[in-house]
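The structure appears below as structure tokens.
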Protein chains: 2
Amino acid sequence: MSAGHTGGTDLLEPCGRADHPDCGIRDVLDRVGDTWSVLVLSELSAGTRRFGELQRAVAGVSQRMLTLTVRRLERDGLVTRTVYPTVPATVTYALTDRGRELSALVRGLAEWSLANRAAIAGSRESWDAAHPGSTVR
Amino acid sequence: MSAGHTGGTDLLEPCGRADHPDCGIRDVLDRVGDTWSVLVLSELSAGTRRFGELQRAVAGVSQRMLTLTVRRLERDGLVTRTVYPTVPATVTYALTDRGRELSALVRGLAEWSLANRAAIAGSRESWDAAHPGSTVR
DNA sequence: CAGGATCCGTGATGATACTG
DNA sequence: CAGTATCATCACGGATCCTG
């Protein structure tokens with residue numbers, strides 16, 4: 001595992017460049033790094049939701065950001081958007097199989113985060129104490 | 001799994017709020033969403049590296065961003081920073097156990113991304129074709 | 001109800017220059 | 001070599017107003 005150059009390098013390095021937007025990995029990871037995407041994915045993993053339900057569930061999200069987030073997820077084939085021709089309009093969102101897969105992975109990350117949250121907070125405290133007035137925050 | 005409200009909601013929603021910076025999950029996930037952090041973590045999973053080696057490996061990163069990235073990772077206890085009192089200075093970085101754990105999880109995400117890259121790209125194309133001139137990009 | 005259009009402040013990021 | 005400091009930019013998110 002520490003010989004030569006075998007870690008995860010081969011996976012991310014060759015095409016992780018910011019100037020290679022087509023190399024994909026980053027594109028997907030970006031969605032994971034997005035606060036709202038993760039929260040929406042999480043909420044939808046509990047079942048189909050309407051726009052308003054999502055907005056209430058993911059408290060704090062603005063109308064604008066919810067729309068953008070949900071659109072991007074739809075564009076990536078992670079959620080489906082269904083419009084019912086009622087008056088006023090009714091729209092529901094649900095995870096696709098692909099979305100469920102990603103949700104599961106993200107959930108793993110989230111669980112790890114929860115489990116290590118305290119330890120990391122501790123590290124930060126000690127670090128901050130040892131580096132007073134650091135510009136790195 | 002779809003009864004009532006059981007998905008991932010309980011994990012992320014209660015404390016994912018942007019105004020609860022102490023609720024942790026987001027803090028860690030942010031690091032995953034960060035381009036450079038992922039790349040550095042990835043490179044270090046292959047072994048100890050010096051600052052310059054990292055900069056060359058993670059091609060495209062600016063000196064400034066590499067410093068910030070590596071500092072934050074150190075602050076979170078994900079990597080160790082070792083300074084050798086040579087002239088000029090020599091500094092090496094390596095993953096901690098915690099860092100290795102996170103790397104492994106991130107690697108899972110990256111693998112999924114790779115595997116689904118084509119499908120997602122396809123979804124985007126169709127979506128873009130079906131939504132000409134959309135502001136959602 | 002769901003969401004498009006606009007305006008605008010702020011923080012993250014890149015480029016550049018200097019140093020122990 | 002391995003940073004630190006400064007400056008300019010710019011995309012991202014929030015707030016607000018309007019509509020099918």
Side-chain angles (χ1 to χ4, degrees), chain A residues 16-19 21 26-27 30-31 33-40 44 48-75 79-94 131-137, chain B residues 16-19 21 26-27 30-40 44 48-75 79-94 127 131-137:
Chain A
R17 292 297 308 280
D19 39 348
R26 230 333 81 225
D27 295 336
D30 281 345
R31 201 102 302 133
D34 179 30
T35 311
W36 305 128
S37 289
V38 173
L39 295 177
V40 168
L44 287 182
T48 300
R49 295 283 184 271
R50 295 183 51 177
F51 188 87
E53 292 177 329
L54 274 179
Q55 181 157 29
R56 262 170 277 121
V58 183
V61 70
S62 65
Q63 200 175 48
R64 183 182 123 88
M65 287 318 293
L66 182 55
T67 299
L68 283 177
T69 300
V70 101
R71 281 288 179 292
R72 287 195 271 245
L73 292 176
E74 187 201 4
R75 192 170 98 106
V79 312
T80 58
R81 176 172 180 270
T82 311
V83 184
Y84 297 93
T86 58
V87 181
T90 300
V91 182
T92 65
Y93 295 91
H131 301 259
S134 169
T135 58
V136 186
R137 205 225 105 144
Chain B
R17 291 298 307 281
D19 38 349
R26 197 69 246 126
D27 294 338
D30 281 346
R31 202 102 300 133
V32 175
D34 180 31
T35 311
W36 305 129
S37 290
V38 173
L39 295 176
V40 168
L44 288 181
T48 299
R49 295 282 184 274
R50 296 182 50 174
F51 187 88
E53 292 177 329
L54 274 180
Q55 183 157 29
R56 260 170 279 120
V58 184
V61 69
S62 65
Q63 200 172 47
R64 182 183 125 84
M65 286 316 293
L66 182 55
T67 299
L68 284 177
T69 299
V70 101
R71 281 285 180 295
R72 288 196 271 246
L73 292 175
E74 187 201 6
R75 192 172 98 107
V79 311
T80 57
R81 175 172 179 272
T82 313
V83 184
Y84 298 93
T86 58
V87 181
T90 300
V91 182
T92 65
Y93 295 91
W127 195 92
H131 301 259
S134 170
T135 59
V136 186
R137 204 223 141 189

With a 4.0 Å cutoff (strictly under), does any side-chain N or O of A/R50 reach OP1 or OP2 of C/dC1?
no

Length of the line joining A/R56:CZ and C/dA2:C1', which is rounded to integer Å:
12 Å

So what is the end-to-end bend of the helix from C/dC1-D/dG20 to C/dG20-D/dC1, with 5 pairs used at each end and the value given to 10 degrees?
50°

Just the rounded figure in Å: distance from P of D/dC12 to CH2 of A/W36.
16 Å

Apply the test side-chain contact (heavy atoms from CB on, under 4.5 Å) to residues A/R26 and B/V38: give CA-CA distance (whole Å), side-chain angles for both, the deciding distance (0.1 Å), then the verdict.
CA-CA 9 Å; A/R26 230 333 81 225; B/V38 173; 3.6 Å; yes

The answer to which of B/R72 and B/G133 contacts DNA chain C further toward the 5' end, by nearest nucleotide, is B/G133

Quick one: do B/L54 and B/L66 satisfy side-chain contact (heavy atoms from CB on, under 4.5 Å)? Show the steps, please.
CA-CA 8 Å; B/L54 274 180; B/L66 182 55; 3.9 Å; yes

Please list every donor-acceptor pair under 3.5 Å in which a side-chain atom of residues 68-75 of chain A meets a protein atom from a residue at least two apart or in another chain.
unit_1, atom_1, unit_2, atom_2, d
A/T69, OG1, A/M65, O, 2.6
A/R71, NH1, A/Y93, OH, 3.4
A/E74, OE1, B/W127, NE1, 3.2
A/R75, NH1, B/D128, OD1, 2.7
A/R75, NH1, B/D128, OD2, 2.6
A/R75, NH1, B/R137, O, 3.4

Tell me, which of residues 84-91 of chain A have any heavy atom that sits under 4.0 Å from an atom in DNA chain C?
A/P88, A/A89, A/V91

Closest to the side chain of A/T67, out of C/dG3, D/dT4, D/dG13, is C/dG3

What is the distance, to the nearest angstrom, from the CZ atom on B/R49 to the P atom on D/dA2?
13 Å

Between C1' of D/dG13 and CZ of B/R137, the distance in whole Å:
17 Å

Return the minimal non-hydrogen interatomic distance between A/Q55 and A/S62, and the atom names on each side.
NE2-C, 3.8 Å

For C/dC1, does either OP1 or OP2 sit under 4.0 Å from a side-chain N or O belonging to A/Y93?
no

Taking the nucleotide of DNA chain D with the nearest heavy atom to each, does A/Q63 or B/V70 sit closer to the 5' end?
B/V70

If you find the nucleotide of DNA chain D closest to A/L68 and the one closest to A/T135, which residue's nucleotide is nearer the 5' end?
A/T135

Need one value for A/Q55: base, sugar-phosphate or nothing, where a base atom within 4.0 Å counts as base even if backbone is also close, heavy atoms only.
nothing

Are the side chains of B/V61 and B/L39 in contact, using a 4.5 Å heavy-atom criterion?
no

If you check the A/F51 side chain, which of C/dG3, C/dT13, C/dA17 turns out closest?
C/dG3

Separation of C/dG4 C1' from A/R71 CZ (nearest whole Å):
9 Å

Look for any protein N or O under 3.5 Å of an N or O in nucleotides 6-12 of chain C and output each such pair with its distance, or none.
none

Integer-rounded Å distance: D/dT4 C1' and B/R81 CZ
12 Å

When rounded to whole Å, the CD to P distance for the pair B/E53 and D/dG3 reads 13 Å

Result block: side-chain N/O donor-acceptor pairs under 3.5 angstrom for residues 82-90 of chain A, not counting sequence neighbours:
unit_1, atom_1, unit_2, atom_2, d
A/T86, OG1, A/P88, O, 2.7
A/T86, OG1, A/T90, N, 3.4
A/T86, OG1, A/T90, OG1, 2.8

For a quick check of understanding: with a heavy-atom distance under 4.0 Å over all strands, which category does B/D30 fall into, base, sugar-phosphate or nothing?
nothing

Identify the two heavy atoms, one from A/T48 and one from A/A94, that lie closest to each other, and give their separation to 0.1 Å.
OG1-CB, 3.6 Å

